[in-house]
Amino acid sequence: MLKTKKELKEKIFKRLSPEFPLAAEEVELTATPDPSLGDLALSIAFPLAKKLKTSPRMIARQAVELLSKLEGVEKVELAGAGYINLYLDRKNFFKEKFSRLKKSALEPEESKIIVEHTNINPNKAAHVGHLRNACLGDTLVRCLRYKGEQVEVQNYIDDTGVQVVDVVFGFIELEKKSLDEIKRIPGKFDYYCWDLYTKVSRYLAENQSAQDRKAEILKRIEHQLSPEAEYAHYISRRILKDHLETMKRLSISYDVLPCESSILKLKFWEKAFERLKECRAIYLSTEGENAGCWVMKLPDEQEREKIIVRSDGTVTYVGKDIAYQLWKFGLLGQDFYYEPFIHDNNRPVWISSGEPTSYQVHFGAGSKVYNVIDVRQSYLQKVVVQGLKSLGYEQQAAKSIHFSYEMVALSPRSLKEIKAEISEEDRDRTFLEVSGRKGIGVKADDLLDRLEEKAWEEVAKRNPDLPQESKKQIAQQIAAGAVRYFMLKYARNSLIIFDFDEALNFEGETGPYLQYTAVRLRSIFRKLQERLGCSYQEIIKPEILAGSYLEKLLPEEAKDFWELVVFASGLDEEVLRAIITLEFAGLAKFTFNLCQKINSYYHHYQVLSEKDEELRNLRLITIYFVHQILCQALDLMGIQVPEKM
RNA sequence: GCGCCUGUAGCUCAGUAGGAUAGAGCAGCUGCCUUCUAAGCAGCGGGUCGGGGGUUCGAAUCCCUCCAGGCGCGCCA
């Protein structure tokens with residue numbers, strides 16, 4: 001539809017501009033409120049009427065005449081107070097759209113786009129909040145690739161930060177475990193550390209004196225001293241592997257894992273620091289409470305200074321982030337070293353190293369960067385962008401996009417289910433923020449396990465004869481589809497108050513409903529082979545569309561057919577809109593509505609039992625068309641289509 | 001205190017670079033399985049779009065104001 005609209009707009013402008021004071025970008029084609037009013041609406045008469053001091057209907061009447069016999073348009077009509085409605089040439093439209101199936105009308109604009117997402121501290125298991133981040137990030141990646149962009153997916157690993165230090169502290173000081181003993185801990189290590197981290201947080205809050213010992217461990221890890229650094233390295237790597245396993249369950253993968261330890265080792269910050277000092281982006285505060293710190297000022301926020309380097313000379317998190325952002329744009333003049341960390345579908349996932357390796361691979365140096373981080377870090381992301389601006393990198397600053405989204409919180413019911421211990425002050429709240437520190441959160445794998453269990457039962461009920469292995473695989477696909485749709489269906493500004501009943505629902509506007517729709521469409525083609533002995537490839541050929549098939553349809557079916565085709569053709573527009581607004585709820589809703597329409601369509605119009613062969617084939621081709629687009633949309637959201645359900 | 005965000009059906013949410021009659025899902029109630037999978041389809045009921053003012057041909061959408069809620073503003077990450 002994107003292509004059709006673009007071509008039409010140009011033609012319309014050509015016809016109207018000699019007669020009316022009109023700019024090309026003022027020609028807007030929108031959907032009509034009702035398909036019976038035509039396919040596309042032009043509301044240009046309203047602003048023109050104002051300019052020319054006449055009535056919109058007068059303008060519209062004149063425009064309708066000027067637009068007669070437009071190529072690709074069957075009829076132009078005046079409607080309402082002054083709308084100009086266009087009826088598309090159905091036969092040619094469908095023919096063209098069918099021949100362009102699987103071809104995106106979108107075009108790439110960047111040389112290389114970097115998307116950073118997931119970024120879970122490697123000291124505990126992933127929870128539902130992390131799932132939202134990863135699902136949004138991965139969907140963005142898929143949409144950008146569909147648009148034709150070259151995309152590099154990064155997952156930043158804060159392997160030397162205080163959260164990892166807390167767990168190291170727990171193993172050394174509370175559990176008194178040697179590294180070998182830690183290595184022998186069986187089972188899910190991220191779960192083990194989830195509990196330990198909560199214990200440590202409580203212990204540190206109650207024992208102020210332990211803070212010094214923790215600070216010492218932090219220093220020793222930053223300076224790569226034994227044995228603390230080995231602890232941190234082992235723990236973070238093992239948990240990272242667990243995280244990657246969790247994400248794999250959702251078909252989410254990465255190209256490269258840049259680590260904070262490498263940034264420290266290769267002195268990325270020192271380099272950035274020199275530059276920031278040189279161009280006076282930051283300055284040494286000499287008086288007031290920030291005396292002795294290097295600080296940055298945000299131009300529009302007069303009062304506040306942001307501390308970048310502490311008075312003891314250590315750099316803050318945001319400082320390191322500026323250096324990291326410079327590297328992402330290839331502005332640091334230096335790269336990490338890399339080695340393969342794991343293999344995902346025979347493709348290496350690379351991890352950064354501070355030491356030279358034998359691998360000649362390079363990452364970073366993007367022309368546009370998306371950082372998928374929740375809304376609470378908006379201020380810090382602004383500081384990072386300001387850093388780039390101050391260094392004179394205006395263009396890169398403009399292409400540093402903070403993809404922000406609201407957090408996931410837990411409903412009182414969910415809190416009860418996970419048996420969370422809730423403090424007195426939190427008791428009256430209608431929801432509670434996920435907190436790794438307090439151990440309050442729904443672990444990603446727990447949620448996926450519960451979904452899989454439920455899906456398995458449903459599959460077994462319906463398809464008892466399937467082999468165990470198939471049932472398991474289908475259950476996994478359904479569980480993943482449920483999670484991914486759940487995370488996308490809310491607008492990113494909307495706080496998700498997580499509730500098990502809602503997340504575990506497979507009916508209505510859910511991932512499994514979409515999957516079920518695709519599975520059933522697919523089974524029509526399978527049954528075609530089984531019952532009638534012919535494959536759909538024999539029937540669905542482009543030549544068929546050259547015939548006079550559409551004329552065979554009775555008015556009611558013609559209307560339903562056409563509405564379906566026009567709607568399905570909107571995918572490209574929907575994807576482009578999603579990329580521009582960074583909003584995937586619309587794409588999710590579009591796919592859901594497409595499913596509703598196709599479900600309704602083939603309930604009304606039987607396919608295989610239709611005696612009239614031409615009619616049957618036309619229905620088949622319609623269903624094929626929609627099925628293709630549906631599968632594309634599902635793929636963009638990372639939702640797989642099971643063989644059976 | 002300052003900044004950002006949110007308020008739409010009983011519940012959860014779409015719809016906001018102004019556009020034709022405000023939409024879904026869940027929950028409730030009616031029908032439809034000897035039929036391409038009932039994880040489905042068809043239908044019914046349900047609304048002062050937080051309140052008030054303004055801008056105009058037209059406002060859920062833009063502006064002002066008030067009310068309610070959330071988040072952020074650390075020499076934490």
Side-chain angles (χ1 to χ4, degrees), chain A residues 28 30 32-34 37 41 43 46-47 49-50 55-56 79-83 85 121 158 161-165 260 285 289-295 300-304 306-314 316-318 320-321 374-380 382 404 406-407 409 411 429-431 433 455 458-459 461-463 478 489-491 493-497 499 501-502 505-517 519-528 530-531 581 585-586 588-589 592-593 595-596 599-600 602-610 619-620 623 644-645:
Chain A
E28 272 299 323
T30 55
T32 57
D34 190 295
L37 291 169
S43 54
F46 296 99
K50 202 172 185 180
S55 82
Y83 290 94
N85 292 340
N121 271 307
D158 189 3
V162 290
Q163 294 209 22
V164 172
V165 172
E260 189 184 59
S285 180
E289 54 185 4
N290 293 341
C293 298
W294 288 86
V295 298
D300 50 335
E301 279 157 83
Q302 297 297 322
E303 264 66 34
R304 207 176 317 141
K306 182 69 201 165
I307 292 167
I308 307 294
V309 179
R310 304 181 188 104
S311 55
D312 67 358
T314 56
T316 58
Y317 163 77
V318 68
K320 279 178 274 191
D321 222 14
D374 80 58
V375 68
R376 290 169 296 182
Q377 297 213 34
S378 294
Y379 172 63
L380 291 171
K382 256 166 88 179
S404 78
E406 260 292 355
M407 58 179 179
S411 68
R429 298 186 46 131
T430 53
F431 65 86
E433 184 181 341
E458 299 285 329
V459 172
K461 203 159 66 190
R462 282 154 238 245
N463 303 280
I478 293 170
K489 74 193 267 194
Y490 299 94
N493 258 337
S494 173
L495 177 75
I496 297 180
I497 299 172
D499 187 88
D501 288 350
E502 276 170 44
N505 185 20
F506 291 170
E507 283 161 29
E509 197 191 343
T510 67
Y513 169 81
L514 309 194
Q515 291 173 311
Y516 183 64
T517 304
V519 166
R520 287 183 66 180
L521 292 182
R522 201 172 275 180
S523 91
I524 292 175
F525 298 112
R526 198 183 56 241
K527 288 267 159 75
L528 176 74
E530 284 171 16
R531 290 187 195 173
T581 59
K589 190 70 99 182
F592 170 64
N593 289 145
C595 286
Q596 286 185 314
N599 275 328
S600 169
Y602 79 85
H603 263 90
H604 272 88
Y605 308 108
Q606 287 290 307
V607 180
L608 299 181
S609 58
E610 176 56 51
R619 288 177 186 164
L620 263 175
I623 284 172
K644 286 189 173 177
M645 271 179 86

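Throughout, a chain's letter reflects where its sequence line sits, starting with A, and its residues are numbered from 1.
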### Query
Would A/Arg520 and A/Tyr516 count as a side-chain contact (heavy atoms from CB on, under 4.5 Å) if you check the C-alpha gap in whole Å, the side-chain angles of each, and the deciding distance to 0.1 Å?
CA-CA 6 Å; A/Arg520 287 183 66 180; A/Tyr516 183 64; 3.3 Å; yes

### Task
Kindly indicate, with the supporting measurements, whether the criterion side-chain contact (heavy atoms from CB on, under 4.5 Å) is fulfilled by A/Val375 and A/Met407.
CA-CA 7 Å; A/Val375 68; A/Met407 58 179 179; over 6 Å; no

### Message
I'd like to know whether A/Leu620 forms a side-chain contact (heavy atoms from CB on, under 4.5 Å) with A/Phe525, so could you lay out the CA-CA distance, the side-chain angles of the two residues, the decisive distance to 0.1 Å, and finally the verdict.
### Response
CA-CA 8 Å; A/Leu620 263 175; A/Phe525 298 112; 3.6 Å; yes

### Task
May I have the step-by-step check of side-chain hydrogen bond (donor to acceptor under 3.5 Å, both in side chains) for A/Gln596 and A/Asn599, ending in yes or no?
CA-CA 5 Å; A/Gln596 286 185 314; A/Asn599 275 328; over 6 Å; no

### Message
Is there a salt bridge (Lys or Arg N to Asp or Glu O under 4.0 Å) between A/Asp374 and A/Arg376? Walk through the geometry before answering.
### Response
CA-CA 6 Å; A/Asp374 80 58; A/Arg376 290 169 296 182; 3.0 Å; yes

#### Entry: salt bridge (Lys or Arg N to Asp or Glu O under 4.0 Å) evaluation trace for A/Glu530 with A/Lys527
CA-CA 5 Å; A/Glu530 284 171 16; A/Lys527 288 267 159 75; 5.1 Å; no

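Side chain of A/Ile307, nearest nucleotide from B/rA39, B/rC75, B/rG25: B/rC75. Of the candidates B/rG19, B/rA77, B/rA20, B/rA20 carries the atom nearest the A/Leu37 side chain, counting heavy atoms from C-beta on. Taking every side-chain heavy atom of A/Lys589 into account, B/rG23 is the closest of B/rG23, B/rA39, B/rC5. Each of B/rC73, B/rA42, B/rU37 was ranked by its minimum atom distance to the side chain of A/Tyr379; first place goes to B/rC73. Proximity note for A/Phe592 (side chain, C-beta onward) versus B/rG70, B/rG19, B/rG25: the nearest is B/rG25. Among B/rA42, B/rA20, B/rC26, the nucleotide with an atom closest to any side-chain atom of A/Ala41 is B/rA20. When distances are taken from the side chain of A/Arg462 to each of B/rC76, B/rG19, B/rU37, the shortest belongs to B/rU37.
OP1 or OP2 of B/rA77 has not a single side-chain nitrogen or oxygen of A/Tyr317 nearer than 4.0 Å. Regarding contacts with the backbone of B/rU37, a side-chain N or O of A/Lys527 is found under 4.0 angstrom from either OP1 or OP2. OP1 or OP2 of B/rA14 has at least one side-chain nitrogen or oxygen of A/Ser494 nearer than 4.0 Å. Residue A/Arg376 places no side-chain N or O under 4.0 Å from the OP1 or OP2 atom of B/rG74. For A/Tyr490 and B/rA24, the shortest distance from a side-chain N or O to OP1 or OP2 is not below 4.0 Å. Remark: A/Arg520 is not in phosphate contact with B/rG40, judged by side-chain N or O atoms under 4.0 Å from OP1 or OP2. Look at A/Arg531 and you won't find any side-chain N or O under 4.0 angstrom from OP1 or OP2 of B/rU35. Taking side-chain N and O atoms only, A/Ser378 has no distance below 4.0 Å to OP1 or OP2 of B/rC4. Between A/Asn599 and B/rG40 there is no side-chain polar atom (N or O) within less than 4.0 angstrom of OP1 or OP2. For B/rC76, the OP1/OP2 oxygens have no side-chain nitrogen or oxygen of A/Gln163 closer than 4.0 Å.
The CD atom of A/Gln377 sits 8.0 Å away from atom CG of A/Asp321, with the distance rounded to the nearest 0.5 Å.
The base of B/rC41 does not come close enough to the side chain of A/Ser600 for any donor and acceptor atom to sit less than 3.5 Å apart. A donor-acceptor contact under 3.5 angstrom links the side-chain atoms of A/Asn85 to the base of B/rA20.
Within the 4.0 angstrom heavy-atom criterion, no nucleotide atom of any strand lies near A/Val165. Using a 4.0 Å heavy-atom distance criterion, A/Arg522 is classed as making no nucleic acid contact. Among the protein residues, A/Ala291 comes within range of the nucleic acid bases, having at least one heavy atom under 4.0 Å from a base atom. Among the heavy atoms of the strands lying under 4.0 Å from A/Ala491 are primed sugar atoms or P, OP1, OP2 only; no base atom is included.
A gap of 14 Å separates the C1' atoms of B/rG46 and B/rA22, to the nearest Å. Separation of the C1' atoms belonging to B/rA60 and B/rG52 is 16 Å when rounded to the nearest angstrom. Rounded to whole Å, the P atom of B/rU12 lies 28 Å from the corresponding atom of B/rG53. Across B/rG50 and B/rG45, the matching P atoms stand 24 Å from one another, rounded to whole Å. For B/rG31 and B/rG69, the P atoms lie 45 Å apart once the distance is rounded to whole Å.
B/rU37: no Watson-Crick or G-U partner with both key distances under 3.5 Å is found in any strand. Across all strands shown, B/rA42 pairs with B/rU30; the Watson-Crick or G-U wobble distances both stay below 3.5 Å. With a cut-off of 3.5 Å on both pairing distances, the Watson-Crick or G-U wobble partner of B/rC71 is B/rG3.
Summarising the geometry, the separation between CD on A/Glu507 and C1' on B/rA39 is reported as 6 Å, rounded to the nearest angstrom. We find that CZ of A/Phe506 is positioned 16 Å from C1' of B/rA38, with the value rounded to whole Å. Spacing between atom CG of A/Asp374 and atom P of B/rG72 amounts to 9 Å, rounded to whole angstrom units. Here B/rA59 presents its C1' atom at 15 Å from CZ of A/Phe46, a figure rounded to the nearest Å. The CG atom of A/Asp34 sits 13 Å away from the P atom of B/rA22 (whole-angstrom rounding). If you take CG of A/Asn593 and P of B/rC41, they are 12 Å apart, rounded to a whole angstrom. Distance CD (A/Glu406) to P (B/rC5): 11 Å, rounded to an integer number of Å.
The aromatic ring of A/Tyr83 stacks onto the base of B/rA20, its centre lying under 5.5 Å from the centre of the six-membered base ring with the two planes under 30° apart.
Between A/Val519 and A/Phe431, the one whose closest nucleotide on RNA chain B sits nearer the 5' end is A/Val519. Mapping A/Lys306 and A/Val607 onto RNA chain B via the closest heavy atom, the residue that lands nearer the 5' end is A/Val607.
Looking only at distances, no side-chain donor or acceptor of A/Asp499 sits under 3.5 Å from a matching main-chain atom of A/Ser411.
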